[in-house]
Amino acid sequence: MQQFLRGVGVSGTNPKGMLLLLALLPQFIVQDGWSSTAQMLVLGGLHIVDIAVIYLVVSLLARRLLSARPTASRAVTRLSGVVMIVLGLGILAETAAAIV
């Protein structure tokens, strides 16, 4: 439960997710019928439900797959680490190029 709450906190405070909602949802607001606030709340709520279902399914499938195959778990961990290092080096190079 503690991991779940931590995940909700991280996802809920992700500024990229909030910006995505604010950038995309207004395109689907119509002037007739409900107020724009109500429409944004409904669309945002649907998005939150969709994301919760997707995260739940992915986490359950990942747990089942990775707990059954320790070799796959190690491979995913190592690959994730390499990807994070490469991304970090790319950001560092881009920042250094902008400074120079």
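- For the atom pair CD1 (Ile85) and OG (Ser80), the distance works out to 11.0 Å, reported to the nearest 0.5 Å.
- The CG atom of Leu56 lies 12.5 Å from the CD1 atom of Ile51; values are rounded to the nearest 0.5 Å.
- Listed here is the closest heavy atom pair of Asp32 and Gln39: O-NE2, 4.2 Å.
- The closest side-chain heavy-atom distance from Val82 to Arg78 is not below 4.5 Å.
- The distance from the CG atom of Leu46 to the CG atom of Leu25 is 9.5 Å, given to the nearest 0.5 Å.
- Counting heavy atoms from C-beta outward, Leu87 and Val83 have side chains that approach closer than 4.5 Å.
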Q: For the pair Leu65 and Leu61, evaluate side-chain contact (heavy atoms from CB on, under 4.5 Å) and give the outcome as yes or no after the intermediate values.
A: CA-CA 6 Å; Leu65 176 70; Leu61 290 175; over 6 Å; no
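- Pairing each heavy atom of Ala68 with each of Pro70, the nearest pair is O-CD, 3.6 Å.
- Put simply, the side chain of Leu43 reaches to within 4.5 Å of the side chain of Ile29, judged on heavy atoms.
- Note that the CE atom of Met84 and the CG atom of Leu79 stand 10.0 Å from one another [nearest 0.5 Å].
- Under the 4.5 Å side-chain contact rule for hydrophobic residues, Met40 and Val30 do not share a cluster.
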